[in-house]
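Below is one structure; the comments refer to it alone.
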Amino acid sequence: MAKIDTISVMEGIRGKLDGTENLVFSKRYGQTYAWEMRPSKKDPTMAQLAQQERFAQAASKAADDMADIDKKAEWQAIADASNGKYKTARGAAFAAYYAEAGND
């Protein structure tokens, strides 16, 4: 993944670039990143499918917490006290739920 110093024309760019390049852009914390998407030609393994499910469950729980004002405030307090480890309440919630799912 490459960090891109943007110019005003690219300020709002996000998503996949059409064509054969498979170039994907995303914006995180005010920075724009680009990478080449290379889809796998193999079927996912059982371990990969388990990780995808773990990720999806953690993301879903974190999203649910962000919809609740009180829970979001709790997670924001955790993020603020993390000395930069978590930049957002959603990131702190996701990390906790992802780690919890790994202990099952």
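What you see is a predicted model, and the numbers here were worked out from it, not measured in a lab.
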Note: D43 and Q48 closest approach over all heavy atoms is O-OE1, 4.4 Å
Quick note, side chain to side chain donor-acceptor pair (under 3.5 Å) partners involving residues 80-91, not counting sequence neighbours, are Q76-D80
inquiry  = Membership question, hydrophobic clusters at under 4.5 Å side-chain separation (ILVMFWY): are M66 and I78 in the same one?
reply    = yes
Sorted by chain and number, sequence neighbours left out, side-chain hydrogen bond (donor to acceptor under 3.5 Å, both in side chains) with E74 holds for none
The complete set of ring pair (Phe, Tyr, Trp, His ring centres under 6.0 Å) pairs with one or both residues in residues 43-80, sequence neighbours excluded, reads F55-F94, W75-Y97
Nearest heavy-atom contact between A89 and A79 is N-CB, 4.1 Å
In short, A99 meets R54 closest at the heavy-atom pair CA-NH2, 4.0 Å
Practice problem: Report the C-alpha separation of Q57 and E53 in whole Å, then their side-chain angles, then the decisive distance to 0.1 Å, and conclude whether the side-chain hydrogen bond (donor to acceptor under 3.5 Å, both in side chains) test is met. | Solution: CA-CA 6 Å; Q57 287 178 358; E53 180 61 26; 2.9 Å; yes
